[in-house]
Structures are given as structure tokens and as C-alpha cells.
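In what follows, chains are A, B, ... by sequence order, proteins preceding strands, each numbered from 1.
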Number of protein chains: 2
Amino acid sequence: MPINSFENYPMSWRPDKNELTRPLYQSLAMRLEQDIAGGLLPPGTKLPPQRELADFLDVNFTTITRAYKICETKGLIYAITGSGTFVAPNAARSVTISKDSVDLDCIDLGFVASFEQSNRLVAQAVRNVTEKCDLESLLNYNHPTGLPHHKMAGLSWMSAFGIQAGTEQVAIASGALNALTITLMALFEPGNRIAVDAFTFTNFIEISKMFRIQLVPIPGDANGMLPEELDQQCRLLDIHGIFLMPSCSNPTTVMMPFARKQQLAAVIRKHQLILIEDDMHAFLTAGMMDDYRQPMYRLLPDRTIYICSTSKSICSGLRVAYMVYSDIYKERIETAIYNVNVKTSSLDAEIVAELILSGQASAIAEHKKQLARRANELYAAYFPHASGIGHPLSFYRWLPIASREPAARVEEAMREHGIRVYHSERFLSGAGVQDKFLRVALASANSMEELERGLSLLQKSLYA
Amino acid sequence: MPINSFENYPMSWRPDKNELTRPLYQSLAMRLEQDIAGGLLPPGTKLPPQRELADFLDVNFTTITRAYKICETKGLIYAITGSGTFVAPNAARSVTISKDSVDLDCIDLGFVASFEQSNRLVAQAVRNVTEKCDLESLLNYNHPTGLPHHKMAGLSWMSAFGIQAGTEQVAIASGALNALTITLMALFEPGNRIAVDAFTFTNFIEISKMFRIQLVPIPGDANGMLPEELDQQCRLLDIHGIFLMPSCSNPTTVMMPFARKQQLAAVIRKHQLILIEDDMHAFLTAGMMDDYRQPMYRLLPDRTIYICSTSKSICSGLRVAYMVYSDIYKERIETAIYNVNVKTSSLDAEIVAELILSGQASAIAEHKKQLARRANELYAAYFPHASGIGHPLSFYRWLPIASREPAARVEEAMREHGIRVYHSERFLSGAGVQDKFLRVALASANSMEELERGLSLLQKSLYA
DNA sequence: TCATTTGTGACTAAACATTTC
DNA sequence: AGAAATGTTTAGTCACAAATG
């Protein structure tokens, strides 16, 4: 029997000892998982300290450590030495954001598309390609990482962003998320840690969870992640990599100034991290923003996987992203590409290459930028107090909200008003953050009129 | 100090205690990895028993367990209770088979392509599609699991193999390997076990390794995996899934008779395994072989992920595979599809759909079957003693060899004769098997003449 | 600043399961 | 059939490190 009685002690979770079967730690972890899934332990709940629960159940406290560990690697809970163990914000549900569950009665400001109006221009280019080129050479297994001239076209596209590399350092993947999956698969192991912004790309959170890679949230300011905080966490924990979107962070719209890139690069080099630089927004930033200068790849060419998708800038339906990397990662990346994709469709890569080389890609990107400018002007008209920060041409905005209601309830209420938006909790990489936001996609409505209707509804439902 | 002195004891591996740093188990695992990679411990070497090495190093024996475990999950060694721990056959190198490292001085009988001569027929279809259809609807993010009419076309194609399902149970992935990656990611966890044939699809071994999923080799006979052996292993170990290619196993060319499918299905149901049925060769078997009847999906519709790629039957460069699954897996599969691919290019899926609905796909498949028949006849002429077993139309053959040389040396010797083939060790899912083979691809040479040259060279170099 | 709270990681101990002979 | 060899699994001990107040 335990020495102390806990009957009057406020423990947030009191599993019934009699219901536990051996092995204890597994049975306990399963119980915990059920109680979290069942809503008995809502996100943010502080679990009993290991020693306290051990005392209560009359077992050794490292048995609790092990049970908690199982749930932690599943992403259900997180632990902070000195503070305790807490139920994770996204424990109860998948946060994956996708386009499938489209409710047609609803204006979609949730999923970030890419002003699909531009696809008219792409359709004609597809016809041109198929009429004139040697299709047969695109229809076989050859060149799994991309045909040389497709890589050349990609390098030409990326040269505008400051990328300089040889074709043997480039490979073609099927979009940015696919490239991220490949990168995690190739270079990381279960249990590895990757530093990320406190709010980060939801689907990156999901794939990390699937690979059992732990995300370490690093605080940031208006210029992005804070180098000192990164340095500190690296000294504290064994961190293996870092994920950044310096051109325009998703979801915060933060644009990283060159000085900050340099400071972070120094810390990354010092701790020998692998940098995953997702630069799909480079086309919105390079040549537009005074302080763009160079991608971080240029500062750390030997430790960076640079990923440049054409989904946002050129066409979302042609699944093409370029990956640029140093020789030391080459073999592992290319093996992973093969194991995940075999190859990316050369037909898609050819069309994108044709668009790039003919100059149509630039025209399309320019068109999207104009649409982005108008969409952001509309947003500023409806939310003047919330504009002026972050990237001015972002395809989405990060809107502070006052509501402290649970995230699911906020989203649900918006749905009832006829719009879909996502709450900041979906983007949390770790422990909760005080401030709450909505991510408002500007690039997904079917027209500017529909976007305006959506923004108007959003404004009314927030401030009514 | 250890009680016994081992100086005169024949231990295959004697790491220097003084070179170990704490944590001991990690340092020991690293040492072991280096010594395997460095060739000091060749494949098959029996490592010292845990207790013996522990005694030698004067540490607790579970410290050795942990060190060995690290190397085991990396696929470097394998352990058999009662027998000992051994260096894995493929420890020293990656076994991934891909098309990139093509040496043009060499006739490729290694990688299995799909008689790419047929792509002339596909090229024209691509032009037809892009001329007439509404391309714009194919170029956006909509319908990540596939447009409804693409799914319908897939179901129509698969109905010839006995698949009956609704569109909500189908999704489109980017080829069979991509579908397998998605399946492992969606339904399995690190540490789970999957039953496979003793010789199995190399790239499946690789992706399992990447996901830290353990493969359990099950012995088989001329009709495929043995149900009793599967049953026994399931009783012994906690096995989560099973991977089968019943229509024509890669690499063994075994075609599973319907009775065997039924017996295996009973065992699978009894132990509640998830069946991953890779049926890319169905087009070679359904309607051709008397005993095809139905895919295993029909026997176990509630526990099967049925994967049907069009790469071998229609066109390898259009990366399309259909996945069919029950409702209980739907959400997990579709989330994983999104996280790995976002979507498969609708342009590719449209072209394949058009080929299917117009009847051209059947014509192409028929053409490939004719080429396969001729290729197999050629093979039989050069290797009469080795033909007559397995699938008569297989795109590759499984040739027994007498050589007991190391696999790498055998492959190297063939390269020097101007042909690339793969040794059976690349396909080993677990411990070694006595019999040795070469996998000889018949579908990869650029013409029948080149294939004949390759087979002739192979014959000479084997029997010279 | 320092003691307390709380989590982490490495190693040990012991019971257990399978294979071999 | 049973003892010995060999790997597996669970849980306990202990030193340590970070956060809190």
C-alpha cells in the first residue's frame, strides 16, 4: 500500500490500479491514451508528476516515466523538466489540413490554395508541350531524380532567388510536402529532434509525428526565430535539425531579414544542425523585399536541404518541387526519393520546365502576385488594425483574436457563419502559447468577390 | 575485472573496453556498426552471445542487449533466440534497386522495367487527352485522393481482376512503391512486424527499414507462402501485417493458386493481420491463368489494402496506382496520402483514365504480354533447365546458380561481362537461405535483340 | 541564491521464452 | 524429454539536469 493516501489530493488523473494489467507501463499508457481521446483529459491538462502517480499506484516512478514516454512519442503529451507533463494541444485529433473535405456551402479561407484563376494560362502551355515535344522519352523509368534539362530549368528558376548549384545537386520531388517527407525519411531517425517555430506548418507537424520525430518549438519575434533561444535549446537538448520558411513563414507570414538569417546560420553551424529550408514563397520575396538578399542555403550550402516547390508560384496541380542539397546528403536523399516516389512524373516536370524556359512561369507568378496584392488590400480594408505586419503579399494572413474558447468551437462557429478558417492551435508545434490567431487564406476563394464576401462574414462574426 | 579471462577464447568480436565511452551501449553499438561497415565482421558472422560479451567487457548483459538492439533496428544484425546474433546479409550496403546508376556499356537485366517499347502508343493518347479535355480542372488542388471519374476508371480497370468497390473506397497514389510507403506510414508503427516471403521485393525491405518495421520471413513452397508457417510465426510473435504479391511474386515469379489464397486468408483472419496485397501483376494473371479466380482482397475485404499500379501494365512514366481499402482504414490512408503527396497529378491520372476507358490500355497490356511471351521463350531457349516453373509471362526470371561467392562479387563479375543482374541476397527479408539465385529482368532491354545478347552473355558467363 | 520539484538517462536485476542438443 | 544456451521483456536503482519559487 502507498504510504500516503491521496483521496483528498487534487490529482488531475487517477487511473484505477485494479484495472491495470501487466506490463504495467503499457497498460498505463493505453489507459492514458484512451482518457485523452475520450476527452476526460482535455488539451493543456497537467498530469500528475511521475513520482506522485507512482506513489498513488504504488509502483516505481520510472515505470510512470516509461508510460508517459510512450504517449509522448505518439505526440499525445509533452513534458518539461521542472514544470511537469501536459496533454498536448493537438492530442485528440489530426490537424492535417487538406482540400478533400470541402463543404460547398462554405467559403474556404482555411486551406491555402494559390489563386487557381491562373491555371487558364497553364492549360495552354500543357497543350503546347504535348504537341511539340518527344513525349515517349517522358514515359519511362529513366532518370528517377529528374531529366537533366528539367533540373536545368529548375536551377534557372531558382537562380532568381540566389540559388547556385550543379545539376548533380538537384532532384525533383512531387511537391513541397513530398520533398519534406523524403527529407525526414532520408536524414532523420525516430527520436531525433527538429527545431521549429512555435507556430509552424501543420502538415510538417503531422509528418514529424508519423516519423516519431520530436519538434522543439523555439520562440521568435517579428523577424523570425530567435538565435539565442535556438542556441540555448541546442545546448539543452540533442537537436538534429531545423525547419525554417524564411521567405514567408507559414502561418505567421514572418519574413526573415538577412541579418537574422546570418545569426541563425551561425548557431546552426555551431551545433551542426541539418537545415530544412522550405522556400516555396521565395518568388514573393526575392526581388520584392529589400532585405531578401539570399536564401539560407547560400550561407550553409553544406548542411541545407533547400526545397522550392512550384505549386504556389506556377501551378498547384502539377506536382513539382526542386530539392537542392550538398553531396553529403545526395545518396540518402536520392534513395529516399526512389523509395517514396520511384520518380516524379516527367510529363509534369517537362511542362513546368517549358513554362519556366518560355518565360510563361514568370508571367504566371507575376499574375499571382497581382492577385495577392489585391487580396491583401481587401484584407487591410476589413482588418486595418491587423495589417501592416508580416509579408505584404502573403497568400494568407495571421489574425489575432480575443476569444479564449476552445479552438474547435471557434472554427465551428465560423463554419456556422459560412466560412472556413483555421485556429492557431492547429499550428502549435509544442506547448501552448498565450496569443490566439486565425489563419485566413486569401488565395483560395474562387474570385475576389467571393473573397470579399468571406472577409466580410469573418469580420461580422468576429466583432458582432 | 571479469572473473574469466577470454584471451584464448574464440570470440568473433572483441571490442576494446578502453575505447568505450559512456553511455556504454551507444558507444558499443557505434563500434559494432563501424566494424560491420569496415568489413571486419562480414555478413553472416555470429556475434558473441550477450552474456559472454558482457562478461568480457565486465558490464551487465542487458547493456549488450541494448547495444545489439540499436544495430538490429538499423537492420545491421538479426537475432534468433536460442541460436545467437548474426550480422545481416545486407548490412554493409543499401539494397535499393533503381534506374539512376545506368551504365550504358552494360545490358540492364537488373532493374525491371516494363517493355518500354509500348510507350509509343501512350504518347499519342497523351496528345488526345490534352487536346480535347478540360485541362484547367486538372491543374488545381481539388480532389487529393483522385477525381471521381478517375476512380471510376480505375475500378473499371480492376474489375477485370475481380475487384468490386465503391469510389469512396479507392484512392489514387503515385505508383505502387508510393502506395506502399503510404500504407506503412498510415497503418503501422515503428517496431511493428510484417510477415513476408523469405525472398521479397527489395524496395519493400528498404522502406520497412526506414520505418523501423521488422520483417518476419515466412517459408514458402512452389505455391507461395506456407499457411502453417505463417500461423506458427503469428503465435510466436506479435505480427501486425502481411505483404503478398499473389499474382506473381517479385522476385520468385511464384503464382499463388486460389486454394493457397484461401488457406492464407483464414490464417490472416484468425490473427487479425492487415493484408497488403500488391497486385500490379494481376493483368498477367487474371483471365490468363486457370486458377486466378479472385484477388485476396475479395476474401478479406475488411482487412486488405489492395494496390494496383499501372506502371507495369500501361505506362511506367505516368505515376499512377489505385489503392482499394475498407472504411476502417479510409481516414488514416487518406491522411497519409495527403501528407506524402498532397495529391497525385490529375493530369497523369486523366491520361491513364482515358487510356482505360478508350480500350487503349487493354491493347497496350496485350502488347506487353506478347512481348513478355517472346522474352520468356528466349529465356527458355538459353536456360531450358530453369524454365517451366513460376509465372510463364513474368517480366523477370529467378535463375538458380551454383556459385557460393559473395553476392557483390557475383554481380561484379557479371558487370565485367557486360550485363547487370541482381543476386538473390538483395531480396532476402531475413536470415540467409541456402539456395542462391539471380533475378534476370526480361522487360528492360531496349529490344528483343538486346535481350537476346544479354541472355547469351549471361549464359556464357555462368557456364563458361 | 539555493532548495525543491520534476523529468531524463543509464545501468542493473530478475523472470521469461525459445531453440538447441 | 529435459537441461543448457541464448535472446526478450519488464521493472527497479540511482545519479543527474533543468525549472521553479
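- Within 4.0 Å of A/F61, counting heavy atoms only, lies at least one base atom of the nucleic acid.
- The residue among A/N60 and B/Q50 whose nearest nucleotide of DNA chain D is located toward the 5' end is B/Q50.
- Pairs of residues two or more places apart, or lying in two chains, that qualify as ring-ring contact (aromatic ring centres under 6.0 Å, His included) and include a residue from residues 211-241 of chain A are A/F188-A/H240, A/F211-B/F211.
- Scanning both residues, B/A29 and B/C71, for their nearest heavy atoms gives O-SG, 3.5 Å.
- Every residue two or more places apart in sequence or in another chain was checked for a salt bridge (charged side-chain N to carboxylate O under 4.0 Å, His left out) with B/R51, and none qualifies.
- Residue A/E72 contributes atom CD, which lies 10 Å from atom C1' of C/dT8 at whole-angstrom precision.
- Computed from coordinates, the B/Q214 CD to D/dG7 P distance equals 15 Å when rounded to whole Å.
- Between the CZ atom of B/R51 and the P atom of D/dT8 there is a distance of 11 Å, given to the nearest Å.
- Across D/dT10, C/dC11, C/dA13, the shortest atom-to-atom separation from the side chain of B/P23 is found for C/dC11.
- The salt bridge (charged side-chain N to carboxylate O under 4.0 Å, His left out) test applied to A/E228 returns no partner, not counting sequence neighbours.
- Residue pairs meeting the salt bridge (Lys or Arg N to Asp or Glu O under 4.0 Å) criterion with at least one partner in residues 67-83 of chain B, sequence neighbours excluded, are B/E33-B/K74, B/K69-B/E72.
- Atom CD of A/Q26 and atom P of D/dT8 are 16 Å apart (whole Å).
- The distance from atom CD1 of A/I64 to atom P of D/dT10 is 15 Å, rounded to the nearest whole Å.
- Looking at heavy-atom distances under 4.0 Å, B/T85 makes contact with sugar-phosphate atoms alone, never a base.
- With sequence neighbours excluded, the residues forming a salt bridge (charged side-chain N to carboxylate O under 4.0 Å, His left out) with A/K270 are A/D231, listed by chain and number.
- Comparing A/P48 and B/T63 by the nucleotide of DNA chain C whose heavy atom lies nearest to each, the residue mapping closer to the 5' end is A/P48.
- Taking the side chain of A/V59 as heavy atoms from C-beta on, and the options C/dG9, C/dT12, D/dG12, the nearest nucleotide is D/dG12.
- The nearest whole Å value for the distance from the OH atom in B/Y78 to the P atom in D/dT6 is 15 Å.
- We find that A/R260 and A/D221 are joined by a salt bridge, their nearest charged nitrogen and carboxylate oxygen being less than 4.0 Å apart.
- Rounded to an integer number of Å, the gap from NZ of B/K69 to C1' of D/dT6 is 13 Å.
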What are the atom names and distances for every N/O pair under 3.5 Å that joins the protein to nucleotides 17-19 of chain C?
residue : atom : partner : partner atom : Å
C/dT19  : O4'  : B/T81   : O            : 3.2

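- With hydrogens and angles ignored, a donor-acceptor pair under 3.5 angstrom links the side chain of A/R66 to the base of D/dG12.
- At whole-Å resolution of the value, OH in B/Y25 and C1' in C/dT12 are 14 Å apart.
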